[in-house]
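Here is the structure we will look at.
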Number of protein chains: 4
Amino acid sequence: MSGPAARRRARRHDPGRRDRLIDAALAVIAERGVAGTTHREIARAADVPLGSMTYHFSSLEEVLAEAFTRHADAVARVFDERLSTARDRDEAAEAVVTLVSDSLLGSPADLVLSVELYVAAARNPALRAVTQAWMARSRRALERHFDPTTARELDALIEGLVLHSALSTDPMTPEQIRHAVLRYLR
Amino acid sequence: MSGPAARRRARRHDPGRRDRLIDAALAVIAERGVAGTTHREIARAADVPLGSMTYHFSSLEEVLAEAFTRHADAVARVFDERLSTARDRDEAAEAVVTLVSDSLLGSPADLVLSVELYVAAARNPALRAVTQAWMARSRRALERHFDPTTARELDALIEGLVLHSALSTDPMTPEQIRHAVLRYLR
Amino acid sequence: MSGPAARRRARRHDPGRRDRLIDAALAVIAERGVAGTTHREIARAADVPLGSMTYHFSSLEEVLAEAFTRHADAVARVFDERLSTARDRDEAAEAVVTLVSDSLLGSPADLVLSVELYVAAARNPALRAVTQAWMARSRRALERHFDPTTARELDALIEGLVLHSALSTDPMTPEQIRHAVLRYLR
Amino acid sequence: MSGPAARRRARRHDPGRRDRLIDAALAVIAERGVAGTTHREIARAADVPLGSMTYHFSSLEEVLAEAFTRHADAVARVFDERLSTARDRDEAAEAVVTLVSDSLLGSPADLVLSVELYVAAARNPALRAVTQAWMARSRRALERHFDPTTARELDALIEGLVLHSALSTDPMTPEQIRHAVLRYLR
DNA sequence: AATGAATGAGGATTCATTCAT
DNA sequence: AATGAATGAATCCTCATTCAT
């Protein structure tokens, strides 16, 4: 038997807990999917009592919305940065290739995060706002280098490449990704 | 007071019930998403007693697998047919445009069905087999008219176009779809 | 350790369970008040698993409505019977005295049952229907022997006498009840 | 972004807060019933932080007791005053009529306050003391003009009239109240 | 062959209360 | 003196699945 001190975690003061909870939520979504994301699961992942969840968030929906917002922001930020670094169309094309290839390097669970968001958004207005903002931001980033039509089409192609690779047993190699992107932009 | 016989539908002999249940499942998935698809919901949609579900299927997972298989089959069949009708590359390209455009005409709920499947497949091996088979079949259909690399890339583009339009507030018009496809194939 | 047979109650077949649950609900309301009436408490009182509650009733509100309906019916039936036995005004007056006195014999908790209903009805439309029907029925029973105005006033007096006694540390004796009723009817 | 000072009301010095909390509690009880009266609800109603509740009161029960005491005092004071103004039995009777009629004019929520108290008192000894004191005080006020037996019976009649009207869809008119009271006192 | 009843695990959420600051 | 954060028990309810009939 452990001593009384160890028996119960006495984690009273814990600033930034709300923040950690959002990260934990993302981890759970990635691992278990939105369907498997529950208060309990998130609380467990963050090693926090269940009651803490509803203290910090008024509903599970709110947690999801915040988590996906953070995810979208992070992804979009990288997208923005890479594309803003490119100095011409060719470098922009190469940036796109890198972005897609890199995103395929993460865990497969991570890959599906975006698709999870899409599906969740289909039934949850609060999340739809997140996806819309994200899509718009991506397109704007692309429009630094491409005309609006190209930007939109390219965005769709990117989506398709990621999705296909995410779900396929043999995902595309960076070389194959490059081939597809460059062929479209040729 | 009516006798017990009149109280509830006495649908004893009901061949094809299993079949109707699968269709009902698809309807529920389309309307409520996989997360909202329960034995109860499906039974209600098919106007069938709850016990009937587990009589015909050994688990909910089995229902989902059968439902998605049927969905994928139906979509793939149309895909096959349209592409087999095409007599050359140009007609094949046009067939792809039509397929994507048409799929965007259905109800938004229907559109999400495929995405629901993707997500579900990400965590469910039985479903992954369904998506793999489906992808392979699509690619084979495209390979009637395009080389393997093109077929694969085109398949990804199609996916991206459908997904983007399915989730966007302003989906692409058939003209925009054609533009994207033809540009890639140009 | 008890043998496996005793370890878990294997109470599968149990016709009339719904009925018993309603009775159990009344017992709990009487003992703990509406505020203390929960699914758990009722299930415990009926020695039935928690899940059984929501199988038989779609909400706790439904349980309360059914329970109070049963209570009101039972009380009203006695009221009806006693008053229908009376052959003239004097006997009717005596019947009222007996009814009030008898109702004071039960447990104090039982006494408050009706008041609990009133309060619950104030915030629950479904219950309001129950109280309305009950009040109407009481009044109709009194109108067999008294004019409508007298019936209504007498009904209120009865209510007051019961309530006062229910909440007082020294409830009225039957003799005191008789005195009050006869004085009003004198 | 505004600094932390501006983020939330900084109501440091607030004498009389305890007092306001009791009033807020009464408002909440009237609107939501005792069952719906929580620390949170009261704090919200008083626009006060949650922690303030348990700072000023050691338990919710204490809040309820104080609130009901205040309510009973207010009602009893009016009762006292009106009856002390009456110079003879007839004026006293008229005062009773007015008191009952007036109480029916208030908001229906207010009316239920007393009934809520009765019910709560049935299970809560601390509250029972409140009702006892209230009843005793009412009776004493009536005994200025009526003999003890009459006072007690009249008190019960008053209770019944108020309760009936409070819960009925067609409450009695002042004329009907007068008729009932005068008939009893005739 | 078919189904209504039953059940236990788990879902989100609310809340009184405690406590560190 | 005052309060935001924290927590664990309890709330209602849903559900996949099992089983007796």
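So you know, we letter chains A, B, ... as the sequences are listed, proteins then strands, and number each from 1.
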Please determine if a side-chain N or O atom of R18(C) lies less than 4.0 Å away from the OP1 or OP2 oxygen of dA6(E).
->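 For dA6(E), OP1/OP2 do not have a side-chain N/O of R18(C) under 4.0 Å.
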May I ask you to evaluate whether H56(C) reaches the phosphate of dG4(E), defined as a side-chain N or O under 4.0 Å from OP1 or OP2?
-> no
Tell me every residue that passes side chain to side chain contact (heavy atoms under 4.5 Å, CB included) with [X], counting only those two or more places apart in sequence or in another chain.
| X | result |
| --- | --- |
| T38(C) | R40(C), E41(C) |
| A133(A) | none |
| V119(D) | V115(C), E116(C), V119(C) |

Results of side-chain hydrogen bond (donor to acceptor under 3.5 Å, both in side chains) for D73(D) - residues two or more places apart only = none
Whole angstrom is fine here: how far is it from [atom1] in [X] over to [atom2] in [N]?
| X | N | atom1 | atom2 | answer |
| --- | --- | --- | --- | --- |
| D47(B) | dT3(E) | CG | P | 11 Å |
| F57(A) | dA6(F) | CZ | C1' | 14 Å |
| L21(A) | dA5(F) | CG | P | 13 Å |

Under the ring-ring contact (aromatic ring centres under 6.0 Å, His included) test, residues paired with H71(C) that sit two or more places apart =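 Residues passing ring-ring contact (aromatic ring centres under 6.0 Å, His included) with H71(C): W134(C).
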ring-ring contact (aromatic ring centres under 6.0 Å, His included) partners for H56(B), two or more places apart =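 Scan of H56(B) (ring-ring contact (aromatic ring centres under 6.0 Å, His included), adjacent residues dropped) gives none.
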Reading 5' to 3' through nucleotides 9-16 of chain E, protein heavy-atom contacts under 4.0 Å coded B for base, S for sugar-phosphate only, - for none | --BBBBBB
Under the 3.5 angstrom rule, does the side chain of S52(D) hit a backbone N or O of V48(D) as a donor-acceptor pair?
->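 Answer holds: no.
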Please identify each residue that fulfils salt bridge (charged side-chain N to carboxylate O under 4.0 Å, His left out) with E62(C), with sequence neighbours left out.
->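 Testing E62(C) for salt bridge (charged side-chain N to carboxylate O under 4.0 Å, His left out), a comparison that skips the adjacent residues, returns R18(C).
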Which range-with-range stems can be found for DNA chain F when each stem has 3 or more Watson-Crick or G-U pairs in a row and both distances sit under 3.5 Å?
-> E:2-21 with F:2-21
